[in-house]
Asker: 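Structure below; questions to follow.
Values below: every heavy atom of this structure, side chains too, minus hydrogens, waters and symmetry copies. Along the sequence shown, residues carry numbers from 1.
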Amino acid sequence: MAAPAFIPATVPNLPFSRRKLLSCGPVRCSKNPNEAFENSANGHATFPEKSIPRHPGVGRPPRPRRIILVRHGQSEGNVDESLYTRVADPKIDLTEKGKAEAEECGRKIREMIEKDGAVDWKVYFYVSPYNRTRETLRYLGRAFERSRIAGMREEPRIREQDFGNFQDREKMRVEKALRMQYGRFFYRFPNGESAADVYDRITGFRETLRADIDIGRFQRPGEQSPNMNLIIVSHGLAIRVFLMRWYKWTVEQFEALNNMGNAGMVVMEKGYGGRYSLLMHHTEEELKEFGLSDEMLIDQEWQKIGRIGELNYDCVMSNSFFDHFKDESCIAD
């Protein structure tokens, strides 16, 4: 696939008062009580993780080319569910097949990136702290030499849905049947989480991720390239919730999604206006199989051309709520 043209969004300069705070040095106590404090911010706290650093001759960092969501390889729990009754969920490992799946996934990711034809590409990883995701990253990472890996971060907020510590196998079957009756998004497992609970912590992670992207935390100033690829190694439900949160899908649309296979991946690729679209990499058929509706696909078409900061006023997926629009079609430019 040819690399899309990147149209950068314009970013206004920081207000003078903000720049003044960012330029402050550390507060130092005076040895002379009559001497004033040097470089005081007058009690105002600043938060560097929410501020875009400015360096001479360096503008806003380019957005990564892709955000790649990877589900862990086959785990021992996928093969034998009784394992959850005696082994803590975070400690369940990959099977030998799962390790091979992870290695193959890494090779596919590398092949996809190399087709861009860029020479300065790199990858940066976020990983769930569970054994099976950490092992997936370890085997997936074998496809990349050290010079290609910009870094990694263990991120607890993208962990598996909590099902309630050690699980009783028969009770869990009943609970999962009840979940289907109650609704997959809102049903909370006893002593565990609902998908709605996962949504809340994924929201926090998304804000951190967006701040990391805006700051350009993945690369040093002066070495920043648009050919960075972020890889998030997580779990099936967490990945679906992440996509729901990013694209503002409804609960009904979330509940229609299908789980990914082990070591499967969903690729959010930067479109022509700088936004991320699933249709830059995946076909409509692949996304329909994943569970996207026609309405969601129309929005993904817009995401391919929409610019950062714009809203899709022509197709806001409001047909999901208002039935008096039935005779009107939702058309994407």
Side-chain angles (χ1 to χ4, degrees), residues 1-7 63-74 100-118 121 123 136 140 143 184 206 226-250 252-308 310 312 314-317 319-320 329-333:
M1 180 184 297
F6 174 52
I7 307 173
R63 283 187 140 199
R65 182 176 291 274
R66 298 179 184 85
I67 301 174
I68 305 169
L69 307 168
V70 176
R71 186 189 175 201
H72 60 81
Q74 184 190 73
E101 289 173 336
E103 283 201 64
E104 177 62 20
C105 180
R107 287 191 289 269
K108 288 180 179 178
I109 292 174
R110 181 170 186 131
E111 289 172 4
M112 173 178 60
I113 295 173
E114 288 181 335
K115 287 179 181 179
D116 298 335
W121 64 267
V123 293
T136 297
L140 179 156
R184 288 166 56 194
R206 173 182 174 272
N227 299 307
M228 175 62 67
N229 297 268
L230 306 185
I231 303 175
I232 300 174
V233 184
S234 185
H235 308 263
L237 182 130
I239 288 172
R240 300 197 304 277
V241 169
F242 177 90
L243 291 166
M244 175 193 184
R245 181 64 184 87
W246 188 280
Y247 291 114
K248 300 177 177 62
W249 292 339
T250 66
E252 182 179 359
Q253 289 166 336
F254 165 81
E255 292 185 334
L257 297 176
N258 299 308
N259 199 10
M260 304 160 57
N262 290 120
M265 63 179 174
V266 174
V267 179
M268 302 165 59
E269 186 168 329
K270 193 166 61 179
Y272 306 108
R275 301 178 72 94
Y276 292 102
S277 171
L278 301 177
L279 278 171
M280 291 298 297
H281 175 80
H282 298 283
T283 65
E284 286 191 10
E285 289 70 26
E286 288 174 333
L287 295 179
K288 283 182 178 180
E289 186 177 347
F290 185 48
L292 270 68
S293 65
D294 290 340
E295 193 173 48
M296 295 161 78
L297 289 171
I298 290 172
D299 182 65
Q300 289 300 314
E301 284 286 357
W302 179 84
Q303 299 286 344
K304 289 170 65 175
I305 60 173
R307 298 186 64 170
I308 301 169
E310 291 181 345
N312 186 0
D314 293 321
C315 183
V316 294
M317 295 199 281
N319 291 355
S320 301
S329 59
C330 187
I331 302 174
D333 293 336

Asker: Among residues at least two apart in sequence or on other chains, which ones pass ring pair (Phe, Tyr, Trp, His ring centres under 6.0 Å) with F254?
Answerer: F185
Asker: Are there over 12 heavy-atom neighbours, none belonging to E310, within less than 6.0 Å of that residue's CD?
Answerer: yes
Asker: Do M268 and L243 have side chains that approach each other closer than 4.5 Å (heavy atoms only, starting at C-beta)?
Answerer: yes
Asker: Going by heavy atoms in the side chains, are M112 and H281 under 4.5 Å from each other?
Answerer: yes
Asker: Within the 4.5 Å heavy-atom criterion, are I308 and R63 side-chain neighbours or not?
Answerer: yes
Asker: Looking at every heavy atom in both M265 and C105, which two are closest together, and how far apart are they?
Answerer: SD-SG, 4.5 Å
Asker: To the nearest 0.5 Å, how far apart are CD in E289 and OG1 in T283?
Answerer: 9.0 Å
Asker: Would you indicate whether the side-chain heavy atoms of H72 and N262 approach each other to under 4.5 Å?
Answerer: yes
Asker: Restricting to non-hydrogen atoms, name the atom on Y276 and the atom on Y247 that form the minimum distance, rounded to 0.1 Å.
Answerer: O-OH, 2.9 Å
Asker: Nearest 0.5 Å, what's the CH2-CG distance between W302 and L297?
Answerer: 15.5 Å
Asker: Report yes if some heavy atom in the side chain of M296 is under 4.5 Å from a heavy atom in the side chain of D299; otherwise report no.
Answerer: no
Asker: Charged N to carboxylate O under 4.0 angstrom, K288 versus E285?
Answerer: no
Asker: Side chains of W249 and E295: closer than 4.5 Å at any heavy-atom pair?
Answerer: no
Asker: Measuring from R110:CZ to L140:CG, what's the distance to the nearest 0.5 Å?
Answerer: 12.0 Å
Asker: Between the side chains of K304 and E301, is the shortest nitrogen-to-carboxylate-oxygen separation below 4.0 Å, so that they form an ion pair?
Answerer: yes
Asker: Considering only NZ, NE, NH1 and NH2 on the basic side and carboxylate oxygens on the acidic side, decide whether R66 and D116 come within less than 4.0 Å.
Answerer: yes
Asker: Any side-chain heavy atom of L279 within less than 4.5 Å of one from Q303?
Answerer: no
Asker: State whether the side chain of T136 and the backbone N or O of G73 hold a donor-acceptor pair below 3.5 Å, judged by distance alone.
Answerer: yes
Asker: Can you name the nearest heavy-atom pair linking E101 to Q74, along with the distance?
Answerer: OE1-N, 2.8 Å
Asker: Give me the atom names and distance for the closest heavy-atom approach of S293 to Q253.
Answerer: OG-NE2, 4.5 Å
Asker: As an exercise, state the distance from CD1 of I239 to CE of M260, rounded to the nearest 0.5 Å.
Answerer: 4.5 Å
Asker: Can you measure from NE2 (H235) to CG (N259) and round to the nearest 0.5 angstrom?
Answerer: 11.5 Å
Asker: Measuring only between side-chain heavy atoms, which start at C-beta, is L292 closer than 4.5 Å to L278?
Answerer: yes
Asker: How many angstroms lie between atom CD1 of I231 and atom CD1 of I68, to the nearest 0.5 angstrom?
Answerer: 4.5 Å
Asker: Please determine, by modelled atom types, if N229 and R65 share a side-chain donor-acceptor pair under 3.5 angstrom.
Answerer: no
